[in-house]
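Everything on this sheet refers to the single structure shown next.
So that the names make sense, note that chain A is the first sequence line, chain B the second, and so on, each numbered from 1.
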Amino acid sequence: MGMFECFDPREGKILSLLDESGTLHAPPEGFPLLGDEQALTAYRTMVMARAVDEWALSLNRQGRMPTYALNEGQEANSTGALMALRPDDWFVPAFRELGGMLLRGLTLSQYYLYWYGNEEGSKLPPETFAMMPIAVPVGSHMVHAVGIAWAERYKGTDRVTVTFMGEGATSEGDFHEACNLAGVWKAGVIFYVQNNHWAISLPWEKQSASPTVAEKAFGYGFEGVRIDGNDIFAVYAAVKLAAERARRGEGPTLIEGLTYRLGAHTTSDDPSRYRKEEDVKRWRQRDPIIRLERFLLDREILTGEDMRTIRDECVTWARESFEVVERTEDPTLEDTFRYLYRDMPPILQEQLARRKR
Amino acid sequence: MGMFECFDPREGKILSLLDESGTLHAPPEGFPLLGDEQALTAYRTMVMARAVDEWALSLNRQGRMPTYALNEGQEANSTGALMALRPDDWFVPAFRELGGMLLRGLTLSQYYLYWYGNEEGSKLPPETFAMMPIAVPVGSHMVHAVGIAWAERYKGTDRVTVTFMGEGATSEGDFHEACNLAGVWKAGVIFYVQNNHWAISLPWEKQSASPTVAEKAFGYGFEGVRIDGNDIFAVYAAVKLAAERARRGEGPTLIEGLTYRLGAHTTSDDPSRYRKEEDVKRWRQRDPIIRLERFLLDREILTGEDMRTIRDECVTWARESFEVVERTEDPTLEDTFRYLYRDMPPILQEQLARRKR
Amino acid sequence: MKVLTLLEAVTDGLRSEMAADQSVVVFGQDVGVEGGVFRATAGLQKDFGESRCFDTPLVESGIVGAAIGMAVAGLRPVVEIQFCGFALSAFNQIANHAARIRNRTRGAMTAPLVIRTPYGGGIRAPEHHSESIEALFGHTPGLKVVVPSTPHDAKGLLISAIRDPDPVIFLEPARAYRAIRQQVPEQSYALEIGKAKVEAPGDDLTLVSYGAQMIEARQARAALAAEGRSVELIDLRTIYPFDAGTVVESVRKTGRLLVVHEGPQSFGVASELIATALDKAFDALLAPPARLTGPDVIVPLPRGERHYLISAEQVIAEARKVLAYEP
Amino acid sequence: MKVLTLLEAVTDGLRSEMAADQSVVVFGQDVGVEGGVFRATAGLQKDFGESRCFDTPLVESGIVGAAIGMAVAGLRPVVEIQFCGFALSAFNQIANHAARIRNRTRGAMTAPLVIRTPYGGGIRAPEHHSESIEALFGHTPGLKVVVPSTPHDAKGLLISAIRDPDPVIFLEPARAYRAIRQQVPEQSYALEIGKAKVEAPGDDLTLVSYGAQMIEARQARAALAAEGRSVELIDLRTIYPFDAGTVVESVRKTGRLLVVHEGPQSFGVASELIATALDKAFDALLAPPARLTGPDVIVPLPRGERHYLISAEQVIAEARKVLAYEP
Ligand SMILES: Cc1ncc(C[n+]2csc(CCOP(=O)(O)OP(=O)(O)O)c2C)c(N)n1
Ligand SMILES: Cc1ncc(C[n+]2csc(CCOP(=O)(O)OP(=O)(O)O)c2C)c(N)n1
Ligand SMILES: [Mg+2]
Ligand SMILES: [Mg+2]
């Protein structure tokens, strides 16, 4: 314990380094800082994620894209986290971690392909991505991360595992079983909770009577910390420290990133039914991208001109990537049967043959 | 919060009033004490529970009783708890709450009948017992208690609900969902965890990395307290306070009763495989019954003679009750079909008719 | 009478039972303020108050488990699971408690709760949003499993489910939610659970289906009628306890049986109906009873779903085979 | 060769795969120090160390979920669920993840794990310790479901299950754990999953069963032989993917089929085998294929269990009926 002593969530502490004005405050002793180059990478990644979302939304409105879940406003969480990890560290996402996925080298067209409704979008060889596919049953995947972390220790590697979830997912029984096992096994896993304040229409206050998500960790014998999830520097620092700790075999950490779902739950959702525009407006002030832009401008790492160029590149890339998707062959009848088992059993061969007629 | 302020489990505090020598220490201001009459009732109940177990064990060895779970050493927990509640408060047991069941007026022969392997043993009209049947799937019944507590509030009664579980049950996902719902609903429920240090062969230290069970409550926004579960006075006081709080609509409380499973997990288990006799010996010193006997003798509420008489009565009652069980008719073929639905559907009628031939 | 979609009929059924019986409470994820992800509970919180219709945290097992407690304490909880695929996390509560409390207590306690959940494919949804798991529930002793295929049945069967003294799994065909509009009585009415419906009489073939698949079954019957083949179309409506009598009677008349449904073939509904028909109508069979079901695969994502779903053409082709069979 | 009980054969199978493959790890509740509530893992922790065989907290869902992660990361986890009734709390992990990860990732990832769990009645146990839920798993696409009935098969099939590239539910007949002793080879051997076994040839009737029920099936075959009736006895061994070929071939020869098992009848294994036999052997049938199964009820507690379990006499009586049927 003690790594986050100065940020005990039970005392209302929150780790935040880059404020809304884009001013970077000196971190506590020993907390790592993103360098300028990294800040730039983070910026490109987040802007790309934003552009991907915006294009997906308009594609959905055009009837070219089925239900799609947006990352708008939450980009700093998975972006900062994945920048703090090694490429071979395991990444077990929920479904709002586009930034992190891009950093893992997932091509945009494959990402779009998933949401387009093609299983090829989740074809992720572990040796290439060290990343699990999107898990639709909320809260059920974190325990996989614990198993992966156990396996890596067993195999004698020092790879750590980060798993993401929303604050709503922390209500599911499997969250509890995952945390309890991680504590007992001292598993090298980081539970990153994106507390975006909403689970579809349910606000965080009604999700749990606990004042914070972070303090739930103490009931499992490990540390939890609350951070500003829209602050790329805070995310990077917290995950980096937690990862070092995990690598040293000192066990799990729970990080609650305070963030906000600026958009609808998915393209099928209408938030005006359950929340006020004012709240959303307030959070727009805290947009992780604007904040980083101000920082980059102040530091003269980027000019406004550069930023426009970056945004345009991203928009173009998004559009081109989706065109690839629309040109992609749909899965065949065989594909529907081929991947149930390594070797197709006779009963499936027969059902397939019958369908072919 | 604050009722158990002076006993924050995170500071290693434990509520204990009657020590092993039988000396009763003055409780903190406002903590209720069992009166002499009640202490006597508690004693009779616990001695009865012990006698019932001992006879069941020997019946099992004689091949007259199938697998049976013993309460030996844990009697004070459910006995003290049920004495602190109203007869109409709901009681949702696990399977080691014989003392509490006896206080609810469950006849010994019905209790034995359950373990004997006859569903009639669980025929418990709510209006008579306000008690749920024994729940075999560990950890799955606490959420029922939360639903019951919600329903009583909805119906406008002030009945509260107590549910029991072992420390092992707290690892199950349903424990988490029950606590989270109870917190969010401010349900009038008391989670009483009998931490008897073992879940079959798994010691508490390996069940969770949390130093205590009690502190898990804080992650759900309510209070948890650790008490000496072999101390009938401490149990009574803690449950009474928690019940008053629940009745006032102030929500749930988690009580961790520190106790010990002196016997085998069940009659099918051999603890010598996984634990040392010394540990058991140490806990025998803390036997809740011996402790209460010393108190009753000191206070001259009972003489040694009285105690022998009580024990003999209990032994006789146990034996007679089991004779009733052995004389009881086994369930019929019809019984096997009759209770699936209120009205037996044609398909079951037909399956039944076919079996009759 | 008013014209309603199946979805609106569900809301209407909930509404009328909530109005009639104070002990009916509706809860689940997003059912309150939001009115449900499909809007099945729209307006109920506004009209009946937060204590009658409310949102819960993300806890499928907890929702069902709490409903069991409420039911034992005398209420009539009607819970929603957003998609039936997510009901699997509540399977322990459903099968090991809800289905068993009456038998466990020899009738001293019951759990008269209703679990409403959309099922089936064809809605271009992500993974886990298109399953058909009625046979899992049907194989679990102590449960009743109901699947309406029309607005009229949806309201009447839901009302019966809520009044039923035992736990009922109420599977709502998502693909049919808005597909059909139908005249539905204003007032409350109950349709008997456990009764199949002969939707249209016929002599040459007994065609059995249920839920959204009834849409293609009806189209197939019409097409075959045009060819001069007379098909008796049966809507099973209850998966358990299923109405063997109606199916067998029809098969004894037609001598030919085709069962069509979306869910996996092995250990599925069609296999059960065929085995049952055999028990009771073997001598009357003119052709081997046939199954046209989903294969034993995972429902594909939208771009491949057409390979899984059963079209009217496929039903027609299969029916022709059964009709053509010469003993 | 050595003489082993089915239980000892399971331990022997685990032992030989653990010795052969470092990636095989065994865990679950009380499997380590204690060696399992049935002693199936006795001695493994002592011989292979705590990292190869260890105890977990009380978390069925967590056990299976963690095993999925380990399997994806390249291990071969073999987990024990103390009784199959408790596997229901892990059903979401089993059906929504273990069974789907290969298809979900188009073969990029697999979950080659084994879930060992005792099933079936007749052991005078409390509630939830006597269920037969093989059909629930069999109806779940992506799973393999294996049930051995002899020590020899138990070892060989368990070894195959551990080596299998896909998730396998390995159901161990608790009633047969110590009931049968048999010669079992010392060395390691694998028996093919998906293959039924014709245990004894016959011409008049095909009798199919599996697991502990094979005990009564064998007795029935012997008794009927004494009456001069020749019964072909088939041990199904794999519930999914089941061996339709072997069953159908036999039925085409005998023209008569009787399937016997403990689990509930509706949507059960017998119904599936009968529907399948019908697809492929209708013309060869001399009598309606018959089911003798557990009724659609909850397994009674010990004092009433005899009303549920199927005796050799019942099998004989049912077989006589099928044999006596005149077309
Ligand atoms: C087990 C399960 N229940 C319900 C759903 C439907 N659903 C999808 S996302 C969601 C809300 C999740 O909230 P949270 O965990 O906070 O993640 P967020 O959407 O806010 O990123 C729900 C209820 C689901 N996918 N899985
Ligand atoms: C879900 C489930 N898993 C496993 C079991 C088998 N089992 C019965 S009691 C028990 C240990 C329970 O430990 P604890 O909760 O501490 O209660 P205790 O036995 O100590 O009173 C286990 C593993 C069960 N009954 N239910
Ligand atoms: Mg959220
Ligand atoms: Mg215990």
Q | Main-chain N/O of D:Arg106 paired to A:Glu120 side chain as donor or acceptor, under 3.5 Å | A | no
**Q.** A:Lys155 side chain to D:Ala73 backbone, donor-acceptor under 3.5 Å
**A.** yes
Measuring from [X]:[atom1] to [Y]:[atom2], what's the distance to the nearest 0.5 Å?
X	Y	atom1	atom2	result
D:Asp164	A:Arg342	CG	CZ	7.5 Å
D:Asn103	A:Arg338	CG	CZ	11.5 Å
D:Thr276	A:Glu350	OG1	CD	8.5 Å

Q: Among A:Asp343, A:Asn180, A:Val184, A:Asp335, single out the residue with the greatest number of heavy-atom pairs under 4.5 Å to chain D.
A: A:Asp335
Q: Could you have a look at A:Ala135, A:Ala187, A:Pro133 and say which one has the most heavy-atom pairs with chain D under 4.5 angstrom?
A: A:Pro133
Contacting moiety of [X], where chain A heavy atoms sit under 4.5 Å:
X	result
D:Asp166	side chain
D:Val64	neither
D:Thr56	side chain
D:Ile193	neither

Q: Against chain A, work out which of D:Gly74, D:Gly245, D:Pro165 has the most heavy-atom pairs shorter than 4.5 Å and name it.
A: D:Pro165
